[in-house]
**Q** 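Dumping the structure here so I can ask a few things about it.
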Amino acid sequence: RKEVEQDPGPFNVPEGATVAFNCTYSNSASQSFFWYRQDCRKEPKLLMSVYSSGNEDGRFTAQLNRASQYISLLIRDSKLSDSATYLCVVRNTGGFKTIFGAGTRLFVKA
Amino acid sequence: EPEVTQTPSHQVTQMGQEVILRCVPISNHLYFYWYRQILGQKVEFLVSFYNNEISEKSEIFDDQFSVERPDGSNFTLKIRSTKLEDSAMYFCATSGGGGELFFGEGSRLTVL
């Protein structure tokens with residue numbers, strides 16, 4: 001089983017749509033969780049951390065379910081500029097190793 | 001806004017040659033990382049570095065790879081004898097300890 005698994009994508013959605021990405025992780029001792037965004041041929045950039053209680057940042061909402069080892073990202077009112085690859089990222093307890101999922105590609109079309 | 005700086009942005013080398021990639025971390029960050037991304041593939045963890053030593057490394061980070069922070073500012077990745085399959089984008093990332101990683105723009109390595 002892969003350490004971090006994501007929806008394969010790509011997701012093709014119209015502007016204004018709501019889209020949800022899912023991610024599962026295999027290490028139950030994982031400590032910290034993040035969503036990153038990566039534009040084509042660019043570096044990953046932190047989108048948001050994911051907290052146990054769930055958190056929201058504008059149009060973006062992240063949820064964590066530790067029992068199911070599952071993380072989600074919801075994007076509301078999609079914009080053309082949201083087109084990118086979204087990376088689920090997990091940091092393991094007691095260490096420094098931060099693992100990236102393979103990413104889910106999102107295309108938002110006018 | 002503070003940023004991570006990487007040099008060179010692109011390096012072309014012959015197979016078997018040594019390559020050194022350099023990174024200047026965000027000034028108050030203490031945790032340093034190298035990641036690799038082969039074109040079209042996922043971002044792969046190579047190594048983490050803290051308190052002047054390797055804290056964790058992946059299976060990819062074999063004997064041909066090394067890291068150091070020789071002058072207290074630059075954080076370097078050395079590949080001793082490059083292979084064709086080392087062609088990739090190499091990202092340096094740093095963290096202040098909260099777990100969030102801040103990436104440089106990457107160094108693209110092409111091995112011929």
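Each chain gets a letter, A, B and so on, in the order its sequence line appears, and its residues count up from 1. In what follows, every heavy atom counts, from backbone to side chain, and hydrogens, waters and symmetry copies are set aside.
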**Q** If you count heavy-atom pairs under 4.5 Å with chain A, which of F45(B), F49(B), Y31(B) comes out on top?
**A**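 Top option by heavy-atom pairs under 4.5 Å: F45(B).
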
**Q** More than 12 foreign heavy atoms under 6.0 Å from NZ of K2(A): is that the case here?
**A**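 No - once you tally the heavy atoms of other residues, nucleotides and ligands closer than 6.0 Å, there are 12 at most.
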
**Q** Hey, could you give me the CZ/OG distance between R91(A) and S95(B), rounded to the nearest 0.5 Å?
**A**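 Answer rounded to 0.5 Å: 6.0 Å.
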
**Q** Got a second to check how far I99(A)'s CD1 is from S58(B)'s OG, nearest 0.5 Å?
**A**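 One gets 8.0 Å once the value is rounded to the nearest 0.5 Å.
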
**Q** Please tell me whether V67(B) and I20(B) are part of a single hydrophobic cluster in this structure, the criterion being side-chain heavy atoms less than 4.5 Å apart.
**A**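 In one cluster with V67(B): I20(B), no.
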
**Q** With respect to P44(A), which candidate in Y35(B), F103(B), F102(B) satisfies the side-chain contact (heavy atoms from CB on, under 4.5 Å) definition?
**A**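 The option that passes is F103(B).
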
**Q** Nearest 0.5 Å please: distance from the NZ atom of K42(B) over to the CD atom of Q6(A).
**A**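 CD of Q6(A) is found 8.5 Å from NZ of K42(B).
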
**Q** Assigning hydrophobic clusters by single linkage (Ile, Leu, Val, Met, Phe, Trp, Tyr; side-chain heavy-atom cutoff under 4.5 Å), is F21(A) placed with V89(A)?
**A**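 F21(A) and V89(A): one cluster.
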
**Q** For a quick test of reading the model, state the closest non-hydrogen atom pair linking S49(A) to E100(B) and the distance between them.
**A**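 Taking S49(A) first and E100(B) second, the nearest heavy atoms are OG-OE2, 3.2 Å.
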
**Q** If hydrophobic clusters are built by linking Ile, Leu, Val, Met, Phe, Trp and Tyr wherever their side-chain heavy atoms come under 4.5 Å apart, do F75(B) and I60(B) end up in the same one?
**A**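 The answer is yes; both residues are in one hydrophobic cluster.
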
**Q** Above 12 or not: heavy atoms from other molecules or residues under 6.0 Å from CG of D63(B)?
**A**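 No.
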
**Q** For chain B, which of K42(A), R41(A), K45(A) has the most heavy-atom pairs under 4.5 Å?
**A**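 Looking at each option in turn, the highest pair count goes to R41(A).
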
**Q** Would you kindly confirm whether I26(B) and V24(B) end up in one hydrophobic cluster when ILVMFWY residues are joined by side chain heavy atoms under 4.5 Å apart?
**A**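 As far as the 4.5 Å side-chain criterion goes, V24(B) and I26(B) are not connected within one cluster.
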
**Q** Report yes or no: do Q37(B) and Q38(A) form a side-chain donor-acceptor pair below 3.5 Å?
**A**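 Q38(A) and Q37(B) do have a side-chain donor-acceptor pair below 3.5 Å.
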
**Q** Starting at NZ of K97(A), measure out to CG of L46(B) and round the result to the nearest 0.5 Å.
**A**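 If we round to the nearest 0.5 Å, K97(A):NZ and L46(B):CG are 11.0 Å apart.
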
**Q** Is there a path of hydrophobic side-chain contacts, each under 4.5 Å between heavy atoms of I/L/V/M/F/W/Y residues, joining L73(A) to F107(A)?
**A**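 In one cluster with F107(A): L73(A), no.
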
**Q** Answer yes or no: is there a donor N or O on one side and an acceptor on the other, between the side chain of Y36(A) and the main chain of L101(B), under 3.5 Å?
**A**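 Confirmed, Y36(A) side chain pairs with L101(B) backbone.
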
